[in-house]
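Report on the structure given below.
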Amino acid sequence: MNVFVFGDESGVFDRSHEEWFVFGGVVFVSKDDKDMAVRQFIGAERNVGKGYRTDELKACRLSKKHKYALFKRTAGWNRFGLVVDLKRVNPKIFSHKKSKQRYLDYVFKVGLKRHLGSLIKSGVIPANGVESVYIRFDEHTTATDGRYELREGIEQEFKYGTINFKYNTYHPPLFRNMSGTVDVTFKDSKSDALIRASDIVANRVWRDAKSGTLENLKGKMSIYIFP
């Protein structure tokens, strides 16, 4: 089995002007389900996109009504949101671009591990039956070496396990018999419908966080709060 993950972000990682930052995404455990979701979402975009003069329906350009319609189209998919409460993040993290990126990488890596771990516990994913994990994320300004570090970090967590040298402890990998790879690719969302769907999911989680209504998403998707 292969696992397919799509993601995007919403909000600005700046505690001086914002309170929340969100990663949102969707997970598929079969290529057929993934391909069907692509067709479904593109069809939904065609229905709501007639009044917009753009070739890409990003959440920031859509009315509340149309954002809701596209979010509704993702109902039944496996959705997740990683919510960062910026006021609780150590202020020193915001002092340097690299420390901010490392923290965001940590949130995405650990949050995704928690979510996939919950799917193992619920029987959606077999712990010993995953060959490769394919992650597609919206393209942004992360440097090439930063992207490499993120992929290496996720692969370590999923395939090899990690060692905490401070406490001399070993944490086993999420997928013990993983024979393939962790493939992390940053893509222009114009060319990937499921990254655009992730943008809609992330924006919905971000808006609910801002309005104090995250409870409304309970039972509809998985939410993880950081730090």
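- No more than 12 heavy atoms of other residues, nucleotides or ligands sit less than 6.0 Å from atom OH of Y167.
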Problem set entry | Criterion side-chain contact (heavy atoms from CB on, under 4.5 Å) on R207 and T213, from CA distance to verdict | CA-CA 8 Å; R207 286 188 294 114; T213 56; over 6 Å; no
Exercise. Going through the distances and angles, do R196 and D192 end up as a salt bridge (Lys or Arg N to Asp or Glu O under 4.0 Å)?
Worked result: CA-CA 7 Å; R196 297 195 298 275; D192 197 306; over 6 Å; no
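- At a threshold of 4.5 Å between non-hydrogen side-chain atoms, the residues N2 and Y134 count as touching.
- Hydrophobic clustering, with ILVMFWY side chains joined whenever heavy atoms are under 4.5 angstrom apart, keeps Y160 apart from V133.
- Salt-bridge annotation for K113 and E157: present, with a side-chain N of the basic residue lying under 4.0 Å from a carboxylate O of the acidic one.
- Within the 4.5 Å cutoff, the side chain of F71 has no heavy atoms near those of the H66 side chain.
- More than 12 heavy atoms of other residues, nucleotides or ligands sit less than 6.0 Å from atom CG of N128.
- In this structure, I163 and F165 have side chains that are in contact, with non-hydrogen atoms separated by less than 4.5 Å.
- Of the charged side-chain nitrogens involved, at least one lies within less than 4.0 Å of a carboxylate oxygen, so that D183 and R136 count as a salt-bridged pair.
- In this structure, V83 and I223 approach most closely via the heavy-atom pair CG2-CG2, 3.8 Å.
- The line from CZ of R102 to CD1 of I93 is 11.5 Å long, rounded to the nearest 0.5 Å.
- Using a 4.0 Å cut-off between charged nitrogen and carboxylate oxygen, D8 and K58 count as a salt-bridge pair.
- Hydrophobic clustering places V27 together with V124 (ILVMFWY residues linked when any side-chain heavy atoms are closer than 4.5 Å, directly or through intermediates).
- Surrounding NZ of K87 are more than 12 heavy atoms belonging to other residues, nucleotides or ligands, all under 6.0 Å away.
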Problem set entry | Stepwise side-chain contact (heavy atoms from CB on, under 4.5 Å) test for L116 and F175 | CA-CA 10 Å; L116 296 185; F175 305 117; 4.1 Å; yes
For this session: List the steps, then state whether ring-ring contact (aromatic ring centres under 6.0 Å, His included) holds for F21 with W206.
Result: CA-CA 7 Å; F21 181 89; W206 180 74; 9.6 Å; no
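- Residues V201 and F6 have side chains not in contact (no heavy-atom distance under 4.5 Å, counting atoms from C-beta outward).
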For this session: For ring-ring contact (aromatic ring centres under 6.0 Å, His included), just list the numbers for F23 and F137, CA-CA rounded to whole Å, side-chain angles, deciding distance to a tenth of an Å, and then say yes or no.
Result: CA-CA 10 Å; F23 288 113; F137 204 82; 5.8 Å; yes
For this session: Begin with the C-alpha distance, continue with both residues' side-chain angles, and end with the deciding distance and a verdict on side-chain contact (heavy atoms from CB on, under 4.5 Å) for N203 and K67.
Result: CA-CA 9 Å; N203 181 262; K67 282 188 282 194; 3.4 Å; yes
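- At a threshold of 4.5 Å between non-hydrogen side-chain atoms, the residues V48 and Y68 do not count as touching.
- Within the 4.5 Å cutoff, no side-chain heavy atoms of F41 are placed close to those of V26.
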Exercise. Between Y103 and D105, does a side-chain contact (heavy atoms from CB on, under 4.5 Å) hold up when you go through it step by step?
Worked result: CA-CA 5 Å; Y103 182 77; D105 287 352; over 6 Å; no
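- Within a 6.0 Å sphere centred on CE of M1, other residues, nucleotides and ligands contribute more than 12 heavy atoms.
- With contacts defined as side-chain heavy-atom distances shorter than 4.5 Å, the pair R176/P172 qualifies.
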Problem set entry | Test ring-ring contact (aromatic ring centres under 6.0 Å, His included) applied to F13 and F94, step by step | CA-CA 8 Å; F13 193 66; F94 298 90; 4.8 Å; yes
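- With rounding to the nearest 0.5 angstrom, the NZ atom of K187 is 9.0 Å from the CG atom of L194.
- Taking every heavy atom of both residues into account, Y224 and S118 meet most closely at OH-OG, 3.4 Å.
- The heavy-atom pair separating E131 from S179 by the smallest distance is CG-OG, 3.5 Å.
- How far CZ of F158 is from OG1 of T181: 12.0 Å, rounded to the nearest 0.5 Å.
- Here the CG atom belonging to D188 is positioned 7.0 Å from the CG atom belonging to D138, to the nearest 0.5 angstrom.
- Of all the heavy atoms in I225 and R114, the pair that sits closest is O-NH1, 4.3 Å.
- A donor atom on one side chain and an acceptor atom on the other are found under 3.5 Å apart for R79 and T74.
- The two atoms that bring P227 and D85 nearest to each other are CD-O, 3.8 Å, heavy atoms only.
- Between the CD1 atom of I200 and the NZ atom of K72 there is a distance of 15.0 Å, given to the nearest 0.5 Å.
- For the pair K34 and F28, the cation does not sit on the ring face, since its NZ or CZ is not both under 6.0 Å from the ring centre and inside 45° of the axis.
- Classification of R204 and D208 as a salt-bridged pair holds, one side-chain N sitting under 4.0 Å from a carboxylate O.
- Note that the NZ atom of K210 and the CD atom of E18 stand 5.0 Å from one another [nearest 0.5 Å].
- G24 approaches S198 most closely through the heavy-atom pair O-CB, 3.7 Å.
- No donor-acceptor distance shorter than 3.5 angstrom exists from the side chain of K109 to the backbone of L104, with no hydrogens or angles considered.
- Proximity of W20 to V84: side-chain heavy atoms (C-beta onward) are nowhere separated by under 4.5 Å.
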